[in-house]
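A short write-up of the structure that comes next.
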Amino acid sequence: MTTQQQTRPHAAVKPVRWAADTVAAMREGARLRLDYSAQSLWRVDRMIEEIRREGTPYAAVESVLRGFGAYAGEVIVRQTGAEWWATGGEHWVRTPDGRLWDPIDEARRCFAGHGSLRLLCRDAMGAAPS
């Protein structure tokens, strides 16, 4: 006898792991508590800004940015009922209205000084049906 259990799509495996690793690393290394709330993305944006201001080379923070982006994507997923999608090694979030969002690329844009994970989340949450 088997029981039906709800599972997340296979596309979610990597970004969910990256997000969880980021939450743990920020808690232990930076004493920064991330709780998967939209408000926590203010802290993530500030952290990325601090890293950028320090002049850290992109190659040194590429995986950290991927983790921050995955964390932001997971916030969107949890807040809106969205789901992760993946093709060709890239990961996106698809909100219930069918729109695709790229939080991992947005984290890279934040590092370049041209993006905001908080604003991306706000826009994605605004796109979700109420």
Worksheet entry | Salt bridge flag under 4.0 Å for residues Asp105 and Arg109 |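 Salt bridge absent between Asp105 and Arg109.
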Membership question, hydrophobic clusters at under 4.5 Å side-chain separation (ILVMFWY): are [Y] and [X] in the same one?
| X | Y | answer |
| --- | --- | --- |
| Leu120 | Val16 | yes |
| Val64 | Leu41 | yes |
| Ile48 | Leu34 | yes |
| Val23 | Leu117 | yes |

Item to complete: Not counting sequence neighbours, which residues clear salt bridge (Lys or Arg N to Asp or Glu O under 4.0 Å) with Arg52? List them please.
Response: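 Partners of Arg52 under the salt bridge (Lys or Arg N to Asp or Glu O under 4.0 Å) test: Glu49.
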Are the side chain of [X] and the backbone N or O of [Y] linked by a donor-acceptor pair below 3.5 Å?
| X | Y | result |
| --- | --- | --- |
| Glu74 | Pro15 | no |
| Asp102 | Trp92 | no |
| Asp45 | Ser116 | no |

For residues [X] and [Y], report the shortest heavy-atom separation together with the two atoms involved.
| X | Y | value |
| --- | --- | --- |
| Thr22 | Gly67 | OG1-CA, 3.0 Å |
| Pro103 | Gly73 | CG-CA, 3.6 Å |
| Pro57 | Phe111 | C-CZ, 4.4 Å |
| Met125 | Ala38 | SD-CB, 3.9 Å |

Worksheet entry | Check against side chain to side chain contact (heavy atoms under 4.5 Å, CB included), Asp123 and Trp101 | CA-CA 10 Å; Asp123 292 347; Trp101 305 87; 3.9 Å; yes
Worksheet entry | Side chain to side chain, Val93 and Glu83, heavy atoms closer than 4.5 Å |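 Val93 does not reach Glu83 side chain to side chain.
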Worksheet item: Do the non-hydrogen side-chain atoms of Arg43 and Asp35 ever get within less than 4.5 Å of each other?
Response: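 Heavy-atom side-chain distance check passes, below 4.5 Å.
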When rounded to the nearest 0.5 angstrom, what is the spacing between [atom1] in [X] and [atom2] in [Y]?
| X | Y | atom1 | atom2 | result |
| --- | --- | --- | --- | --- |
| Ser37 | Gln79 | OG | CD | 7.0 Å |
| Arg108 | His114 | CZ | NE2 | 14.5 Å |
| Arg94 | Asp97 | CZ | CG | 8.5 Å |
| Ile76 | Cys121 | CD1 | SG | 5.0 Å |
| Arg118 | Glu106 | CZ | CD | 11.5 Å |

Atom pairs and distances, donor-acceptor, side-chain atoms in residues 24-33, under 3.5 Å, two or more places apart:
| from | atom 1 | to | atom 2 | distance (Å) |
| --- | --- | --- | --- | --- |
| Arg31 | NH1 | Glu28 | O | 2.9 |

Fill in: Sequence neighbours excluded, every pair satisfying ring pair (Phe, Tyr, Trp, His ring centres under 6.0 Å) that has a member inside residues 33-74
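Residue pairs passing ring pair (Phe, Tyr, Trp, His ring centres under 6.0 Å), neighbours aside: Tyr36-Tyr71.
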